[in-house]
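This one's a predicted model, so the numbers in the text were calculated from it and none came from an experiment.
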Amino acid sequence: MTVSRVLKDEHVSAATRERVLAAVRELGYRRNEVARNLRLGRPSGMIGLVVTNLANPFYSRLALGAEQVAEQHGLRLVLGNTGEQVQRERELVEDLVSRRVDGMIVVPAGATHRHLSSAALGGTPVVLASRPPSGIDADTVLVDDFGGAQAATAQLLAEGHRSVGFLGNPPALFTGAERFRGYWAAHEEAGLTPREEWVRRGPYDIPTAEAAALELLDREDAPTALFCTNNRITLGAYRAVLRLDTDTALAGFDDFEMADMLKVPVTVVSYDADEVGRRAARLLLDRIEQAPDKPPGPARRTVVPTSVVRYGV
């Protein structure tokens with residue numbers, strides 16, 4: 001009991017406190033807060049964040065935004081990466097539930113999300129980020145994928161380009177599909193139809209984007225501009241432009257560091273990725289703090305706006 005009083009910072013004599021703390025230091029003792037909270041029937045004090053690709057700066061910014069809100073409420077963030085693998089996602093989510101997290105934010109990897117419903121997770125609240133729910137009702141935070149892609153492509157067309165290629169994620173990804181839809185809509189508004197041979201919907205990282213861009217640009221009827229659906233793909237296209245020494249204009253979704261220092265002009269769809277994480281964390285905290293005897297209410301959806309930024313001459 002004396003040790004317990006010292007660790008709880010309750011009243012004990014100075015001499016006794018020092019003897020106990022010396023033993024604690026010698027033994028390397030650390031109190032197990034998770035076990036303590038479970039014994040006392042308290043929440044774990046942790047929320048989970050599951051993303052698909054930590055190599056993409058978007059997800060690190062999302063994590064920072066979520067962590068900012070979590071810390072304001074005395075919570076810790078536990079991070080996991082799925083690599084776009086649904087089975088890995090299932091394993092991470094089940095592990096977080098077993099650790100009794102208070103709730104979780106998930107960027108879903110698969111086409112159906114029934115395994116992410118609160119009911120399937122024993123009542124653990126879940127908020128989805130970046131991609132909408134499929135097969136379940138869940139609070140969601142999205143980016144204006146369609147509007148941003150449409151505005152960036154329209155900017156290229158307004159600059160006089162009539163042959164704009166597309167480099168994007170596979171169509172199964174919601175973000176890739178929405179950004180392709182925006183690219184196509186901008187052409188339709190300008191009275192144009194994109195040529196299918198200028199569309200590549202398979203690149204997913206810098207090397208695959210570079211290879212696809214080299215294929216598109218090293219042809220007689222090469223497009224004079226490229227729209228890319230994320231920052232990794234934009235950087236891959238930039239490498240191809242440098243290798244071929246062309247004056248191809250670039251536009252891409254996601255701002256990125258040093259975009260203003262590239263040797264070719266680039267237009268980016270910019271938005272606050274931290275805000276995606278902050279909004280997701282706030283929605284999750286609303287669910288966590290909701291009284292258990294009250295109905296949960298309808299699922300909520302919020303969209304983070306975008307803007308078009310032009311770098312270079």
| Nearest non-hydrogen partners of Ala138 and Val126, listed with the distance | CB-O, 4.3 Å
| message | Between Glu275 and Arg282 (salt bridge meaning N to carboxylate O under 4.0 Å), is one present in this structure? | response | yes
| task | Answer yes or no: is there a donor N or O on one side and an acceptor on the other, between the side chain of Ser163 and the main chain of Thr224, under 3.5 Å? | result | yes
| task | Indicate the atoms forming the closest heavy-atom contact of Ala209 with Leu167, along with that distance. | result | O-CD1, 4.1 Å
| query | Does Pro108 offer a backbone N or O that forms a donor-acceptor pair with the side chain of Arg131 under 3.5 Å? | reply | yes
| query | Counting distance only, does the side-chain N/O of Asp254 pair as donor-acceptor with the main-chain N or O of Asn231 below 3.5 Å? | reply | yes
| said: Tell me whether the count of non-hydrogen atoms from other residues, nucleotides or ligands lying under 6.0 Å of CG in Asp95 goes above 12. | reply: yes
| query | So, Thr82 side chain and Gly80 main chain: donor-acceptor pair closer than 3.5 Å or not? | reply | no
| Tyr204, OH: over 12 other non-hydrogen atoms inside 6.0 angstrom | no
| said: Rounded at 0.5 Å granularity, tell me how far CZ in Arg232 sits from CD in Glu210. | reply: 13.0 Å
| remark: Scanning both residues in full, the closest heavy-atom pair of Phe166 with Arg201 reads CE2-CG, 4.0 Å
| request: Would you check if the side chain of Asp139 reaches a backbone N or O of Ala299 as a donor-acceptor pair within less than 3.5 Å? | output: no
| query | Any chain of hydrophobic side-chain contacts (each under 4.5 Å) joining Val143 to Ile105? | reply | yes
| said: With rounding to the nearest 0.5 angstrom, report the CZ to CG distance, Arg301 to Leu128. | reply: 9.5 Å
| query | Sub-3.5 Å donor-acceptor pair from the side chain of Arg300 to the main-chain atoms of Leu283, do we have one? | reply | yes
| said: Quick check for you: to the nearest 0.5 Å, what is the distance between Leu226 atom CG and Thr234 atom OG1? | reply: 9.5 Å
| message | Ring-plane angle category for Tyr183 and Phe227, please: parallel below 30°, perpendicular beyond 60°, tilted otherwise. | response | parallel
| Hphob cluster co-occupancy, Ile233 + Leu173, side-chain heavy atoms under 4.5 angstrom | no
| said: Return the NE2 to CG distance between His187 and Leu157, rounded to the nearest 0.5 Å. | reply: 5.0 Å
| message | Could you tell me if Glu94 and His115 have a donor-acceptor pair between their side chains, going purely by distance under 3.5 Å? | response | no
| task | Calculate, to the nearest 0.5 Å, the distance between atoms CG and OG1 belonging to Asp255 and Thr306 respectively. | result | 12.0 Å
| message | Please give me the minimum heavy-atom distance between Val141 and Val304, naming the atom from each residue. | response | CG1-CG2, 4.2 Å
| message | If you count heavy atoms of other groups shown closer than 6.0 angstrom to CZ of Arg243, is the number above 12? | response | no
| field | Other residues, nucleotides, ligands: >12 heavy atoms within 6.0 Å of Arg76 CZ | value | no
| remark: Those residues at least two apart in sequence (or on a different chain) that pass ring-ring contact (aromatic ring centres under 6.0 Å, His included) with His161 are none
| query | With respect to Leu121, which candidate in Val97, Leu96, Val101 satisfies the side-chain contact (heavy atoms from CB on, under 4.5 Å) definition? | reply | Val97
| field | Under 3.5 Å: donor-acceptor pair, side chain of Arg200, backbone of Gly165 | value | no
| For the side chain of Ser118 and the backbone of Thr124, is there at least one donor-acceptor N/O pair under 3.5 Å apart? | yes
| query | Is the number of heavy atoms from other residues, nucleotides or ligands under 6.0 Å of Asp221 CG greater than 12? | reply | yes
| field | Nearest-0.5 Å distance, CG of residue Leu142 to CZ of residue Phe174 | value | 5.5 Å
| Non-hydrogen atoms of Leu216 and Arg219 that approach each other most closely | O-CG, 2.8 Å
| query | Is a side-chain donor or acceptor of His113 paired with a backbone partner of Ser134 at a separation under 3.5 angstrom? | reply | yes
| query | Do Leu284 and Leu92 belong together in a cluster built from hydrophobic side chains that touch within less than 4.5 Å? | reply | no
| field | Partner of Arg179 under side-chain hydrogen bond (donor to acceptor under 3.5 Å, both in side chains), chosen from Asn169, Asp145, Asn230, Thr153 | value | Asp145
| task | Taking all heavy atoms of Asp102 and all of Pro125, pick out the closest pair and write down the distance. | result | O-CD, 3.2 Å
